[in-house]
Amino acid sequence: MFPGDQRMESLTKPLEKVMEAAEFFMRTSSLRLLYVTTTDLLRIPVLEHVFATESLPENCSAFLLLEAPTESADDGWSLRSDELRMDWQTLLDEAPGGLEPLWPEQASRSTLSRFGLELGRALAGMRAPMTGLVVVLAPVWIKDAERWRQDLTTLLGVRQLERVRFIVVEVDSTHTAEVIEKLGARAERVDAGVDLAALQDETNASLEAQRTAPPGSAGPRRSGAAGPGVTPPPRPHKVAAASAEALAATAAAHGLPTAMLDVDLMQKLKVLVLTAASHMRGGATAEAVRVQREARDFCVAHGLRREAVVNELVLAGYVLQGGSPDRALEVYRGAKARALDADLNELGVQAQLAMGSCLLLLKKTDAAVSAYSEAGQLGARTGASVMAIEAYRMCGQLLLSQGRSKEAATAFQRALGVSTHAGAEVQRASTAKEAAQALAVVCRKHGLRQQAESLEAQALVLEALSTAPPSASPKSK
């Protein structure tokens with residue numbers, strides 16, 4: 001057998017099961033609920049496969065994706081109501097002829113009953129040929145399993161919502177299983193878990209195939225696909241490979257390191273990075289750190305300056321996950337220096353932020369405050385606005401936790417100052433809203449009611465910006 005002569009079946013088989021079950025669910029109107037259990041590794045692919053069934057010719061239902069968690073002190077239905085309304089508006093924008101306009105926000109004494117009312121309005125807003133709703137409930141986590149089961153059972157029992165069908169995607173738990181058992185023949189269950197041992201074996205086989213790919217191999221062979229371990233014979237009329245001088249000239253013309261155009265060198269780097277990641281996933285932290293350090297040094301030796309910083313940041317992350325925040329701090333410090341020396345300012349700010357996290361783990365709170373403040377200053381100075389806002393916000397939160405509210409207010413104000421100057425796109429992507437809310441709390445505590453109200457209004461504007469469409473994962477959300 002050729003090296004790499006196998007598929008990543010540990011990943012493809014669970015997804016095939018999801019696709020088959022989802023298609024069966026869509027074609028079997030008597031089924032009310034499809035329950036998919038999976039692992040975090042496949043959460044997004046599972047959702048993508050579920051939503052692929054929306055395009056089946058026989059489908060006459062609108063799909064809605066709701067991802068709010070169930071917390072210990074928050075059942076999540078208020079946020080799901082908001083998600084439902086945002087999804088409906090997105091559907092309207094994509095296909096304005098198929099649905100009624102968004103209705104006024106519903107009110108009720110409980111968050112669950114409000115959600116039911118919103119669902120009912122959605123059903124009433126369907127236009128032919130649309131006849132029903134498929135609600136995909138994919139909570140990022142469920143911390144109150146009993147409440148989740150009770151609420152889901154209640155929803156399934158509402159006669160007015162019979163035309164609503166549910167697909168529940170649950171990650172790394174089986175809290176919904178009892179609900180499925182009660183529904184009996186009206187529910188379908190599919191296990192889309194990953195056999196991690198098999199995945200590790202397949203990954204190792206693919207990496208071995210990539211390591212042994214000879215010079216001149218085709219792209220699939222270099223990617224771990226099947227093939228002989230010998231250099232292929234020359235093809236007729238094959239164009240001669242560019243000389244080292246020609247490669248260097250081309251690289252210089254495009255402002256790239258020469259190594260970037262050397263296929264064999266980049267293949268070696270790829271194998272090193274993937275091998276380190278494989279060791280890390282398999283729990284061999286020391287070996288992952290060793291190989292990732294080799295990848296960083298490889299980049300340095302071949303003049304790959306950006307790649308050297310990126311791989312050093314990954315190396316620090318592995319060291320940190322291995323339980324050595326003091327060692328990780330030093331690696332992040334080196335990554336920052338390397339980044340700033342190469343004018344890679346955003347990566348330098350990223351490294352500085354990570355240093356603050358390491359110091360927190362080491363319980364050096366004052367040093368962490370200084371580190372976050374420095375990250376904020378560096379980000380604001382170099383245009384890394386999103387990270388500058390987060391750095392100042394973290395600095396403010398730490399200061400608040402120490403009772404230093406005046407200094408905390410200054411940090412939050414700096415975060416909002418960066419946000420104001422950076423514009424809407426940065427405001428959408430950043431934690432400026434959280435900074436405004438935190439500063440409002442500080443103002444209220446000190447009797448500054450007008451300032452607090454102004455900041456709360458600002459937070460609402462920022463929240464509207466952050467939830468307005470552009471797109472997300474499986475479903476433009």
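Only heavy atoms go into these numbers, but all of them, side chains included; no hydrogens, no water, no symmetry mates.
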Please walk me through it: do W88 and E118 pass side chain to side chain donor-acceptor pair (under 3.5 Å)?
CA-CA 11 Å; W88 188 271; E118 298 284 0; over 6 Å; no
Without swapping roles, check the side chain of [X] against the backbone of [Y] for a donor-acceptor pair under 3.5 Å.
X	Y	value
K17	V190	no
D341	A337	no
E346	L344	no
S278	T275	no
E374	Q352	no
S324	L320	no
E100	M126	no
Y392	Q377	yes
R296	N311	no
S373	V369	no

Is there a donor-acceptor contact under 3.5 Å linking the side chains of [X] and [Y]?
X	Y	answer
D75	T111	yes
Q89	D93	yes
S173	E170	yes
T90	R85	no

To the nearest 0.5 Å, how far apart are [atom1] in [X] and [atom2] in [Y]?
X	Y	atom1	atom2	result
L269	L304	CG	CG	7.0 Å
L399	C395	CG	SG	4.5 Å
I142	E71	CD1	CD	11.0 Å
K364	S370	NZ	OG	12.5 Å
L119	L64	CG	CG	7.5 Å
E434	M394	CD	CE	12.0 Å

Side chain proximity check, [X] to [Y], heavy atoms < 4.5 angstrom:
X	Y	answer
L347	R338	no
V136	F166	no
R121	E105	no
T365	L398	yes
V135	L65	no
W148	V168	yes
L15	M19	no
I167	Y35	no

Nearest atoms (heavy-atom pairs only) where [X] meets [Y]:
X	Y	value
V46	A192	CG2-CB, 4.3 Å
A22	L34	CA-CD2, 3.8 Å
T38	R43	CG2-CA, 4.3 Å
S108	L117	CB-CD1, 3.9 Å
T53	V50	OG1-O, 2.6 Å
D40	V171	N-CG1, 3.4 Å

Under the side-chain contact (heavy atoms from CB on, under 4.5 Å) criterion, do V289 and R293 qualify, and how do the steps go?
CA-CA 6 Å; V289 167; R293 185 179 290 113; 3.6 Å; yes
Do any pairs count as a ring pair (Phe, Tyr, Trp, His ring centres under 6.0 Å) and have a residue in residues 354-376, sequence neighbours left out, and if so which ones?
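Checked against ring pair (Phe, Tyr, Trp, His ring centres under 6.0 Å) - neighbours excluded - no pair reaches residues 354-376.
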Could you work out, with side-chain hydrogen bond (donor to acceptor under 3.5 Å, both in side chains) as the rule, every residue matching S110, not counting sequence neighbours?
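Only S113 meet the side-chain hydrogen bond (donor to acceptor under 3.5 Å, both in side chains) criterion with S110.
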Looking at F63 versus F51, is the centre-to-centre ring distance below 6.0 Å?
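Close enough - the centres of the two rings lie under 6.0 Å apart.
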Does E83 come within less than 4.0 Å of R80, counting only side-chain N to carboxylate O?
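Salt bridge absent between E83 and R80.
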Is E294 salt-bridged to R290, going by a charged N under 4.0 Å from an acidic O?
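Salt bridge: yes.
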Working note: R149 + T154, criterion side chain to side chain donor-acceptor pair (under 3.5 Å); need CA distance, chi angles, decisive distance, verdict.
CA-CA 9 Å; R149 285 191 290 267; T154 299; over 6 Å; no
side-chain contact (heavy atoms from CB on, under 4.5 Å) between E330 and M355, intermediate numbers included:
CA-CA 8 Å; E330 292 307 310; M355 287 165 62; over 6 Å; no
Salt bridge (Lys or Arg N to Asp or Glu O under 4.0 Å) assessment of D82 paired with R114:
CA-CA 10 Å; D82 295 338; R114 181 209 161 187; 3.3 Å; yes
Show your working on side-chain contact (heavy atoms from CB on, under 4.5 Å) between I180 and L33 and close with a plain yes or no.
CA-CA 8 Å; I180 297 296; L33 191 151; 3.1 Å; yes
Taking atom CZ as the centre, does R306 end up with more than 12 heavy-atom neighbours from other residues, nucleotides or ligands that are less than 6.0 angstrom away?
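12 or below, so no.
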Does H175 form a side-chain contact (heavy atoms from CB on, under 4.5 Å) with T70? I'd like the steps, not just the answer.
CA-CA 11 Å; H175 298 313; T70 293; over 6 Å; no
